[in-house]
K.L.:
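Please read through the structure below; I'll follow up with questions.
Only this structure's heavy atoms are used, side chains among them; waters, hydrogens and symmetry mates stay out.
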Amino acid sequence: MKLITLEKWAEAHLDPVPSPATLRMWARTNRFDPPAQKVGRCYRVDENARYCEPEAPVELPNDNSLVSRMMRDHYGTQAA
């Protein structure tokens, strides 16, 4: 498994190449499979990694039931 910088990965796999800020955001939000690793101050990713779209937001119920409160605690307070 050879780790390369996000910029080199993007040049090899994407056209057009996203900005470095976008690539770092993808790394922070685990959008690579296998996940990117932070080495020092920069992220590195496996040269054969693939980009994965984030999952669709979870629809949270609006009632005040125990299940609703548990789901909001797990997923956050923002509903889809």
Side-chain angles (χ1 to χ4, degrees):
M1 177 169 96
K2 181 179 177 186
L3 296 177
I4 59 175
T5 64
L6 295 175
E7 290 80 8
K8 287 184 181 179
W9 178 88
E11 289 171 0
H13 293 89
L14 302 173
D15 185 37
V17 175
S19 71
T22 299
L23 293 169
R24 286 190 301 271
M25 184 270 302
W26 288 356
R28 282 192 310 272
T29 57
N30 294 323
R31 294 189 185 185
F32 293 103
D33 184 34
Q37 300 175 14
K38 192 161 189 181
V39 179
R41 297 179 71 185
C42 66
Y43 286 96
R44 297 192 178 266
V45 68
D46 183 82
E47 62 185 345
N48 297 319
R50 61 184 181 92
Y51 172 78
C52 300
E53 286 290 327
E55 294 181 14
V58 175
E59 186 70 34
L60 299 175
N62 290 328
D63 60 357
N64 199 24
S65 68
L66 177 60
V67 172
S68 173
R69 289 179 293 180
M70 289 171 64
M71 287 178 68
R72 288 191 182 282
D73 184 51
H74 180 73
Y75 293 109
T77 58
Q78 297 181 7

K.L.:
Testing the basics here: between Trp26 and Pro18, what is the closest heavy-atom pair and its distance to 0.1 Å?
P.N.:
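Result for this residue pair: CH2-CG, 3.7 Å.
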K.L.:
Do Thr22 and Ser19 have a side chain donor and acceptor closer than 3.5 Å?
P.N.:
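A donor-acceptor contact under 3.5 Å links the two side chains.
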K.L.:
Only pairs under 3.5 Å count here: list side-chain donor-acceptor contacts from residues 34-51, not counting sequence neighbours, and write none if there are none.
P.N.:
from, atom 1, to, atom 2, distance (Å)
Asp46, OD2, Asn48, N, 2.8
Arg50, NH2, Asp33, OD2, 3.4
Tyr51, OH, Arg31, NH1, 3.3

K.L.:
Nearest 0.5 Å, please: how far is CG in Leu14 from CG in Leu23?
P.N.:
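So the CG of Leu23 and the CG of Leu14 are separated by 7.5 Å.
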K.L.:
Excluding sequence neighbours, so at least two apart, what forms side chain to side chain donor-acceptor pair (under 3.5 Å) with Thr5?
P.N.:
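Counting only residues at least two positions away or on another chain, Thr5 forms no side chain to side chain donor-acceptor pair (under 3.5 Å).
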K.L.:
If hydrophobic clusters are built by linking Ile, Leu, Val, Met, Phe, Trp and Tyr wherever their side-chain heavy atoms come under 4.5 Å apart, do Met25 and Leu6 end up in the same one?
P.N.:
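Result: yes, single cluster for both.
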